[in-house]
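First the structure, in the form of structure tokens, and then the observations on it.
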Amino acid sequence: MPGRTPEPAAPGHFLLCPLCEGGLLKPFGGRSVRCEACGQVLGGPPLETLRGIAELPEAVGRHPCECGHPEMRLLPGGPYRCPACGDEVSPAGEPPPFWMLQDQSEAYRCGWLDGRYLQGSSFTTNGGLARWTSPEDRLDYYRGHRDGRNARLAAGEEDYGLRPDAPAA
């Protein structure tokens, strides 16, 4: 069967062997293919999967989506959104979040992260605050913590600072 033509995946495309990645797959028997380079035989579900992948449309946009849509749209603020499936992806090399761009101190940035993401009951037991010794750094940490907590609340997330047994203000 050496004279048979390679297995077409789609019009104008031929399947390459997934094992050696170098040879073309040629028909072999009724429902199988054989690699002309390494001689491996492929058939059944693996062959059907390979054919399905080869039949996927070519990505024509600059930011194609995994669902097959050719172009994801850039939203204000940075993420790309697919109009077909709604998936969102952050662009590679994304700039740091807004709070990193405000030329704030390290104490402020650490406080912002703690306020946004960490659960804490009070500043009396806060190890993050205890790290800072100068009054200026401690104030920056507090301001960052407050801003991070406000960002968490604005995102509709739980306020970790309120204890169930504490009276509401």
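All heavy atoms count here, side chains included; hydrogens, waters and symmetry mates do not.
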Donor-acceptor pair, distance only, cut-off 3.5 Å: does the side chain of R34 make one with the backbone of K26? no
Is there a continuous path of hydrophobic side-chain contacts, each under 4.5 Å between heavy atoms, that joins Y142 to W132? yes
To the nearest 0.5 Å, what is the distance between [atom1] ([X]) and [atom2] ([Y])?
| X | Y | atom1 | atom2 | answer |
| --- | --- | --- | --- | --- |
| L42 | L19 | CG | CG | 6.5 Å |
| D140 | S134 | CG | OG | 8.0 Å |
| H145 | L113 | NE2 | CG | 10.5 Å |
| Q40 | S32 | CD | OG | 12.5 Å |
| Q104 | D147 | CD | CG | 8.0 Å |

Looking only at heavy atoms, what is the nearest atom pair of [X] and [Y], with distance?
| X | Y | answer |
| --- | --- | --- |
| C110 | R131 | SG-NH1, 3.5 Å |
| G23 | C35 | CA-SG, 3.7 Å |
| G43 | P46 | O-CD, 3.2 Å |

Less than 4.5 Å apart, any side-chain heavy atom of [X] and any of [Y]?
| X | Y | value |
| --- | --- | --- |
| E21 | L16 | no |
| S105 | Y141 | no |
| D87 | R81 | no |
| L47 | L15 | yes |
| D114 | L129 | no |

How about D137 and Y108: does a side-chain donor come under 3.5 Å of a side-chain acceptor? no
Any ion pair linking R51 and E48 (charged N to carboxylate O, less than 4.0 Å)? yes
